[in-house]
Amino acid sequence: MDFLRPTTLAEALAAKAERPDLVPIAGGTDVMVELNFDHRRPPGLLDLTGIAELARWSADGDVLRVGAAVPYARIVQDLGDRLPGLAMASRTVGSPQIRNRGTVGGNLGSASPAGDTHPVLIAGDAVVEVASARGARSIPADEFYLGVKRSALEPDELITAVRLAAATGPQQFAKVGTRNAMVIAVCSFAVSLHPERLRVGAAVGSAAPTPRRASAAEEFLSAELTSAGLWESREPLPDSVQRRFGELVAEAASPIDDVRGSAAYRRHALAVLARRSLGWAWREHSGGGNERCA
Amino acid sequence: MPNPPHHANTHTRRTVLKSTTVAAASTALLPDAASGAASPAAANPGDVVRVTLSVNGRSRVVDVEPRVTLLDALRERLGLTGTKKGCDRGECGACTVLVDGERIKSCLTLAVMRRGSEITTVEGLADGDRLHPVQAAFIRHDAFQCGGCTSGQIMSAVACVREGHTGSEAEIREWMSGNLCRCACYQNIVAAVADAAREVRR
């Protein structure tokens, strides 16, 4: 097995152009498991940890650009205020040791339907930046995932960053697992309120061959909030609206029965997660929750 | 671990055998992984690369295939068997070491990726015969039974204390969640971490 350790992105892209079979490795938290158990014998590894520009995040106005190799721990520490949804999902990844190394770029590269950050990226309308020796392009998050562990990434391309707007409203992420640490999600859900656009973002994880936008739920809730003037009045959400939102989120999923849970359980749990997460987000939007309302 | 050797250069029969094999293998000219690694010629399938690791303040040279994990390099090549292999897939935490002060799982990183990093294993915690406060607290609180997870727990606890995630029992449990104990000594482990944190702050 070859091992290449470029120190610039240009070098890495040149290597990937010449050898598309090279497997990129950064945090190693997915790739190493496959190597250790001989599930995969790549002809070579492309170590991205020597490329400084991939390990940085930056702000361009209201848009945050998070380098593909920024570990989850840094996202939690540095970006919790501007990207609360991504920070919340990052905080549920693995364990402290895993979060010190694992990256959003790796989550995208693996493209597991259960990857924790995917629903957040979709709900927040994130854009995935990829590059090759041929040039760079941007892929909207909800067009990035093509199937179980399949993505829109071409063999000669590398993921360089994700771009997403700083939060303008509350964001929530929730997932179901057997314990809080070291679990692969049974199902997961993310919601983002975008009051300035009168829009709601919502997406499910681990409940379909790919992470998936819950479009009908988004449209229903956006319309309800706008027509009832709730964005401005910030009054409590009618229970019927929360429940319908949960139902529509569950309908967006096409889950399977597997070792972690049944399809029926996943659908039920998603409806509950969606209703609760929306409740938390709306309470934040209302500014202080029940005490203030009462 | 009442008295861990400061540097594990005591040769057991096994490490002698291993180092002889490696010495024989390394008579051929080895590509140095620290230079020119971006060139595909640096490592062909089956090739061995020379990697210099900084472990517990000492510079150590190992000749490894690129696929060798940091964990295997530490245990099998350097004889530092304090770091344990539990699951080899990042779930149990027994292989936790500090790399540049951060806790990571040494089974999920390659030795060749850790050139230039400062690695601390459980063997590097004590100052001669003086145990690290976390090690002493684990003994005081009887925070282990079989000991299989203990070095990983201790390394994780050292980082947990340094990160300041010891404000409450719940916080300690959350931030020690990457380390499993099959004997379920969690009660005592949490007490040891809390005690060590008090001691370090003192």
Side-chain angles (χ1 to χ4, degrees), chain A residues 1-8 10-12 14-16 18-19 21-23 25-51 71 73-74 76-77 91-102 106 179-184, chain B residues 31 33-34 36-47 49 51 65-72 85 87-93 95-110 112-117 152 155-156 159-160 163 165 173-180:
Chain A
M1 187 180 76
D2 293 344
F3 180 79
L4 280 72
R5 189 166 199 268
T7 52
T8 66
E11 266 176 50
K16 197 75 169 107
E18 196 185 319
R19 305 256 324 255
D21 58 0
L22 291 174
V23 172
I25 183 168
T29 54
D30 277 338
V31 174
M32 288 301 297
V33 176
E34 296 184 318
L35 292 188
N36 289 357
F37 285 82
D38 209 9
H39 293 157
R40 190 177 192 181
R41 279 189 196 183
L45 289 178
L46 189 60
D47 178 8
L48 303 179
T49 58
I51 304 172
R74 286 253 315 283
V76 174
Q77 191 183 305
R91 190 153 174 209
T92 72
V93 174
S95 65
Q97 293 98 313
I98 300 288
R99 296 195 289 274
N100 278 342
R101 278 295 173 273
R179 62 185 282 243
N180 275 339
M182 297 307 305
V183 292
I184 300 173
Chain B
S39 130
N44 293 316
D47 263 4
V49 287
V51 179
E65 283 181 57
R67 65 188 167 90
V68 171
T69 61
L70 175 63
L71 171 62
D72 283 342
K85 183 185 279 192
C87 65
D88 212 19
R89 55 190 303 153
E91 284 175 8
C92 74
C95 68
T96 302
V97 298
L98 305 184
V99 167
D100 298 326
E102 278 186 333
R103 43 177 158 163
I104 68 163
K105 301 194 172 179
S106 60
C107 72
L108 293 185
T109 194
L110 296 167
V112 282
M113 291 172 74
R114 300 274 70 96
R115 286 162 292 157
S117 309
M155 296 314 290
S156 203
C160 184
E163 293 160 10
H165 292 131
R173 283 183 185 274
E174 181 185 345
W175 288 89
M176 288 295 290
S177 60
N179 293 79
L180 300 179

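Below, chain A is the first sequence line, B the second, and so on; all start at residue 1.
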Counting only heavy atoms closer than 4.5 Å, note whether Leu45(A) contacts chain B via side chain, backbone, both or neither. side chain
Arg114(B) portion near chain A, given a 4.5 angstrom heavy-atom threshold: side chain
Return yes when atom CG of Asn180(A) has more than 12 non-hydrogen atoms of other residues, nucleotides or ligands closer than 6.0 Å, and no otherwise. no
So, the side chain of Asn100(A) versus the backbone of Arg103(B): is there a donor-acceptor pair under 3.5 Å, distance only? yes
Determine the minimum heavy-atom distance between Met32(A) and Cys107(B), stating which atoms define it. CE-O, 3.7 Å
Looking at side-chain heavy atoms only, is the closest gap between Gln97(A) and Asn179(B) below 4.5 Å? yes
Name the member of Gly28(A), Ser95(A), Pro96(A) that forms the most heavy-atom pairs with chain B at distances under 4.5 Å. Pro96(A)
For Thr29(A), is it the side chain, the backbone, both or neither that has a heavy atom under 4.5 Å from a heavy atom of chain B? both
So, the part of Cys87(B) with a heavy atom under 4.5 Å from chain A: the answer is backbone
Keeping the roles fixed (side chain from Arg179(A), backbone from Ser177(B)), state whether a donor-acceptor pair exists under 3.5 Å. yes
Please assess Arg67(B) against Arg41(A) for the test side-chain contact (heavy atoms from CB on, under 4.5 Å), listing each intermediate value before the final yes or no. CA-CA 10 Å; Arg67(B) 65 188 167 90; Arg41(A) 279 189 196 183; over 6 Å; no
Does Arg74(A) have any side chain to side chain contact (heavy atoms under 4.5 Å, CB included) partners at least two apart in sequence or in another chain, and if so, which? Trp57(A), Val70(A), Pro71(A), Asp78(A)
Between CD1 on residue Ile25(A) and CG on residue Leu110(B), distance to nearest 0.5 Å: 5.0 Å
Just verifying a value: how many Å separate Glu102(B) CD and Arg99(A) CZ, rounded to the nearest 0.5 Å? 12.0 Å
Taking side chain to side chain contact (heavy atoms under 4.5 Å, CB included) as the test, write out the residues that go with Arg40(A), two or more places apart. Val23(A), Glu34(A), Pro42(A)
List the steps, then state whether side-chain contact (heavy atoms from CB on, under 4.5 Å) holds for Leu108(B) with Ile98(A). CA-CA 9 Å; Leu108(B) 293 185; Ile98(A) 300 288; 3.7 Å; yes
Given that the side chain runs from C-beta out, which part of Thr109(B) has a heavy atom under 4.5 Å from chain A: side chain, backbone, both or neither? backbone
Side-chain heavy-atom pair Val99(B), Arg101(A) within 4.5 angstrom cut-off: yes
If I take atom CZ from residue Phe3(A) and atom CE from residue Met113(B), how far apart are they, to the nearest 0.5 angstrom? 6.0 Å
